[in-house]
Structures are given as structure tokens and as C-alpha cells.
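Note sheet for the following structure.
A note on names: the letters A, B, ... follow the listed sequences, proteins ahead of strands, and every chain is numbered from 1. Because the structure is predicted, anything quoted here is derived from the model rather than measured.
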2 protein chains.
Amino acid sequence: MKPAPEELQRRMNHFKEGFKHSGVKLTHQRLEICHEVGKSGDHPDAEAIYRSVRKRIPTVSLDTVYRTMWLLLDLGLITTLGPHRGRVRFDANISSHHHFVCTKCGLIHDFYSEEFDHLKIPGDVKALGSVEKAHVEFRGLCLRCSKKKRKT
Amino acid sequence: MKPAPEELQRRMNHFKEGFKHSGVKLTHQRLEICHEVGKSGDHPDAEAIYRSVRKRIPTVSLDTVYRTMWLLLDLGLITTLGPHRGRVRFDANISSHHHFVCTKCGLIHDFYSEEFDHLKIPGDVKALGSVEKAHVEFRGLCLRCSKKKRKT
DNA sequence: GTTTATGCAAAACCTTTGCATTTTG
DNA sequence: CAAAATGCAAAGGTTTTGCATAAAC
């Protein structure tokens, strides 16, 4: 499910705009990393991005990939899937429930909703496999983080 | 948001049943680990569980905690937050979208839905903070994994 | 008693950091 | 040119593994 060429173009512009806007330098490496991430249809990890970029810039290093990805994340130009930076967390609550996640501090709060437990599954999702559970995640800032001054 | 005592009891029974059913041994350590996880209202990482359990079994080791958690996961008695074991993955798709996640192989597939983009936010969630985005995740087995024989 | 799980220590793995060098604006 | 970013190598943190000992069935 790779993005169409126009979509990639749009993403690249968005990345470049974001960089300029925040005054960070548009280096060769960063642009190539953005290009790789932007054209990926799956959800690559740092290693995968590193491998791809290395085809074009053989001297690029893995830590530059990480630095660039966290930069993109801080600028709100990408999101991450999975655990808040590294650690796996476990959920003992096997009854169906949903989460509010603070994008800043990583706080996760459970909530329950009959309605969300039984969301209608779209046809194109049914085609992907058998759905066992629906899980809704609301992302935003928790009260505590809202109070702190924003950095922008 | 710790579970009520009855709920903890229910969870413990569920854990024990699951263990017996699959023929793994009900060791002292495993039961204590289950107890700690079961009574946790937040979403602890391995280290946090380890620290708690060590108060009761000072000689317990961190790797036993990990082994037990993965066992619980394999038996479907807990879930993890974040799709796959450990690695951070990045998502270049900044337009609002949702995911189908295969709980077995970790495959993640994007899909779009106007409806899910604008889910009504429950009152108790509003009280937690400001919601910026809604994200729906359907979990199940992808076609490929459904075809493979189940291990049970 | 046999099989399975544990604890330890060491390894493997993923991510970050410090610093000299290079590149960007 | 000044400020910021890169690459390298080494460190930091998390998770896994091998193996002898101990515990469960």
C-alpha cells in the first residue's frame, strides 16, 4: 500500500516546510531519510529505514536515522506505532476496553464503551483478516501536560 | 484505577485456569507475577512488575518476569500495548487513518474511515484531557496467519 | 522420578551519547 | 564563517539465552 507519487510529493513538501519552519537544516541525509519514510507504505522500524537509505548514501549511520526520526516526531511530521520509546508495557485487563493516551508524557488511561466495543467493521477491513477486537485510542494532552507551557 | 478485589479474584482464576488448561506449571513465581499484573490498574512494564514481585519473592529474577509475561501473552491472558515486541515503528502517514493489526505476525494495515475520524468523545474521556485524534485499531488474524495451523 | 521452570550471568539487541569532522545557511 | 548535523565508536538500557539447580506434577 505504497502512497501514489503525488502523495509522496505532498509528504516531501510537508517535511521540507516543517524543517524550514522550525529552522533545522535540510541536509542530504535528512532529505533521503524523509524520502524513504515518505514513500513507505508499511510501518518501518529504524533498521529498515537505515537499510533503504544506505543504498543511496552508503555512509549514512543508524544514529542519524534515529535522530532524524525523533526530530520528525517532535515536529509532528510523523507518528510512532507501539510503545512510548522502547519499553513494552502489559495490560492485564482482558475485558474489552479503550485508551486515552497522552502524546507528551505517555500516560495511558483506560475507559469503557459498549458503543466502541461493537464498531461496525468496514468491508475493506474484513478483507484483510478476521477481526477479534476493536480498540479505540484517543490521543491528546492530559490535564497535567496541558498545564505546562507549550514549547512552540 | 485499580480493579476491585472481586475483579482481581476473577482475573487470578482466569490466569490459573489458563495455566492448567495448557498444562504449564503453577509455580510460586508465576502466581505472584500474575497477582501483581492482575492487581495493577496502570500498564506496567517488566521492570515495574519485577520491582513489585521482588517485595514478596526477593530472589525472583527479571528474566522470569519476562518469560511469564510472554507466556501470558501467548495464552491470550494479557495484551501488550504497542503492536509488536519491542521495536519502535514509524508512520509517515500523517493524514487521519486507522489500523488493522495482526496479533500473530504483527502486520499492520492502514485504512481510512470518515466515520472513525469523528467518533463522539465520551464525557469521562473529555475529563482526562484534550483529545486531538481518534484512532481505531481492529485486532485479529490476517489472512496469511489464519491459514497456518493453530498451535493449540 | 521426570519434566519443566528458575536464577544467574553473559550475550544479544536496540537506542543514545560524546566528540572530532564535515556540511549547511 | 558560525552554527548545526554527521559518523564513528563506545556506552546505556532492555530483553533473551544457556545451563546447572530447584521445584512442580
Is a donor-acceptor contact shorter than 3.5 angstrom present between the side chain of B/Asp63 and the base of C/dC8? yes
How close or far is atom C1' of C/dC14 from atom CZ of A/Arg67, stated in whole angstroms? 15 Å
Between C/dA5 (C1') and B/Leu72 (CG): distance, integer Å: 14 Å
Using distance alone, with no hydrogens and no angle criterion, decide if A/Asp63 and A/Tyr50 have a side-chain donor and acceptor under 3.5 Å apart. no
Hey, does B/Leu62 reach any base, or is it just sugar-phosphate, or nothing, if we go heavy atoms under 4.0 Å? base
Rounded to whole angstroms, how far apart are CZ on A/Phe19 and P on C/dT23? 19 Å
Separation of D/dT16 atom C1' from B/Trp70 atom CH2, nearest Å, is 11 Å
Spacing of B/Leu75 atom CG relative to C/dA5 atom P, expressed in whole Å: 11 Å
Phosphate OP1/OP2 of C/dT6 contacted by B/Thr27 side-chain N/O (<4.0 Å): yes
Between the side chains of B/Glu132 and A/Arg139, is the shortest nitrogen-to-carboxylate-oxygen separation below 4.0 Å, so that they form an ion pair? no
So, OP1 or OP2 of C/dT6: does either fall under 4.0 Å of a side-chain N or O from B/Ser61? no
May I ask you to evaluate whether A/Gln29 reaches the phosphate of C/dT22, defined as a side-chain N or O under 4.0 Å from OP1 or OP2? no
Salt bridge or not between A/Glu7 and A/Arg11? Use side-chain N to carboxylate O under 4.0 Å. yes
When A/Leu71 is tested against each of A/Val24, A/Ile78, A/Ile33, A/Leu77 for side chain to side chain contact (heavy atoms under 4.5 Å, CB included), which residue passes? A/Val24
Rounded to whole Å, the CG-C1' distance (A/Leu71 to C/dT17) equals 17 Å
Earlier contact from the 5' end, DNA chain D, for B/Glu47 and B/His28: B/Glu47
Does the ring centre of B/His99 sit less than 6.0 Å away from the ring centre of B/His109? no
Could you give the CD1-to-P distance, from B/Ile33 to C/dG7, as a whole number of Å? 8 Å
Integer-rounded Å distance: D/dA2 P and A/Lys25 NZ: 13 Å
Can you tell me if B/Arg30 touches the phosphate of C/dA5, counting only side-chain N or O atoms and a distance under 4.0 Å to OP1 or OP2? yes
